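Residue numbers count from 1 along this sequence. Just so you know, these numbers come straight off a predicted model, no measurement behind them.
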Amino acid sequence: MSVARPAATAALLQVDAIAGRLTGRQALAEVCRFLEVSFDHYAWVGVYRLEGQELVLDAWEGPAATEHTRIPIDRGLCGRAVRDNATIVVDDVRASPEYLACFLSTRSEIVVPIRSDGAVVGEIDIDSDRPAAFDASDRRFLEEVASRLSRAVVASGAKPPA
Ligand code: SME
């Protein structure tokens, strides 16, 4: 799957509009909702904020809640994205020893750091029911979304490790 450039450009305008209209957790919830309904291969969309050594689920949209509402940064694909300060793409979660399972239907996952002044303050986490659902266009698009969510994550109370 992929996100075509015209669709990405239109979606980024929507994200800008949401981030201009709403603040903090309300903005994050609205962006999760927008991404989940707009892209078929995004089955579950969440945003975590970083609180010291732990990721805390701030907002999500999808068919079911996850039990992983708090994730220590030494665990999971979510933790690795913080430790590496890098986007993580896993084409087959069943083959990943680091993967923390949320939903039986999940086959692939992307985790994109949200940064403030270069430091990770949170992340976008997206699960797909399709194997290898995320390509370079998803990565580029979601990194652009992440840069637009920096202010909202900080406003929701993100605290980088001391
Ligand atoms: N799979 C993630 C945990 C979060 S759920 O996907 C919502 C991980 O491995 O860190």
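Look at E30 and R33 and you find a salt bridge, because one of the NZ, NE, NH1 or NH2 atoms lies within 4.0 Å of a carboxylate O, short of that distance. Taking the charged nitrogens against the carboxylate oxygens, D58 and R25 do have a contact shorter than 4.0 Å, which makes a salt bridge. With respect to the salt-bridge test (charged N to carboxylate O, under 4.0 angstrom), the residues R80 and E109 do not qualify.
Looking at heavy atoms from C-beta onward, L100 lies in side-chain contact with R75 at the 4.5 angstrom threshold. Using a 4.5 Å heavy-atom threshold, the side chains of I18 and F34 count as touching. Side-chain contact between H68 and I71 is present, with heavy atoms from C-beta onward closer than 4.5 Å. Inter-residue side-chain proximity for S156 and L28 is flagged as met; some heavy-atom pair is nearer than 4.5 Å. Side-chain contact between T87 and I110 is present, with at least one heavy-atom pair separated by less than 4.5 Å. Residues R148 and D16 are in side-chain contact: their nearest non-hydrogen atoms beyond the backbone lie under 4.5 Å apart. Between S128 and T106 there is no side-chain heavy-atom pair separated by less than 4.5 Å. With contacts defined as side-chain heavy-atom distances shorter than 4.5 Å, the pair W60/T66 does not qualify.
Here the straight-line distance linking atom CZ of R115 with atom CG of D117 works out to 12.0 Å at 0.5 Å rounding. Distance CD/E143 to CG/D138: 11.0 Å, rounded to 0.5 Å. With rounding to the nearest 0.5 Å, the separation of CD1 in I124 from CD1 in I114 is 5.0 Å. Taking CG of L142 as the reference point, atom CD of E123 lies at 12.5 Å (rounded to 0.5 Å). Taking CG of D127 as the reference point, atom CD of E36 lies at 11.0 Å (rounded to 0.5 Å). Taking CD of E54 as the start and CZ of R49 as the end, the distance is 9.5 Å to the nearest 0.5 Å.
Nearest heavy atom pair, residue A59 against residue C32, reads O-SG, 3.8 Å. In plain terms, the two heavy atoms of A43 and D129 that are nearest each other are CB-OD1, 3.7 Å. The two residues S108 and A133 have their closest heavy-atom pair at OG-N, 3.1 Å.
Transitive grouping of hydrophobic side chains (ILVMFWY, heavy atoms separated by less than 4.5 Å) keeps W44 and V89 in distinct clusters. No continuous path of hydrophobic side-chain contacts links Y42 to F103 [ILVMFWY only; heavy atoms under 4.5 Å]. Under the 4.5 Å side-chain heavy-atom criterion for ILVMFWY residues, no single connected hydrophobic cluster contains both L77 and V112. Residues I126 and V47 share a single hydrophobic cluster, defined by chaining ILVMFWY side chains whose heavy atoms lie under 4.5 Å apart. Connection of V153 to F141 is established within a shared hydrophobic cluster, with ILVMFWY side chains joined at heavy-atom distances below 4.5 Å, either directly or through further cluster members.
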- [ ] Check step by step if side-chain contact (heavy atoms from CB on, under 4.5 Å) holds for R130 and D40.
- [x] CA-CA 10 Å; R130 307 175 194 185; D40 280 352; 3.7 Å; yes
- [ ] Assess whether side-chain contact (heavy atoms from CB on, under 4.5 Å) is satisfied between E144 and R139, documenting all intermediate values.
- [x] CA-CA 9 Å; E144 290 172 312; R139 173 194 285 253; over 6 Å; no
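Between the side chain of D84 and the main chain of A81, no donor-acceptor pair closer than 3.5 Å is present. A donor-acceptor contact shorter than 3.5 Å is absent between the side chain of S150 and the backbone of S147.
Enclosure of atom CD in Q26 is not indicated, since only 12 or fewer non-hydrogen atoms of other residues, nucleotides or ligands lie within 6.0 angstrom.
In this pair, F39 and H41 present their aromatic rings perpendicular. The plane angle is above 60°, beyond the 30 to 60° band.
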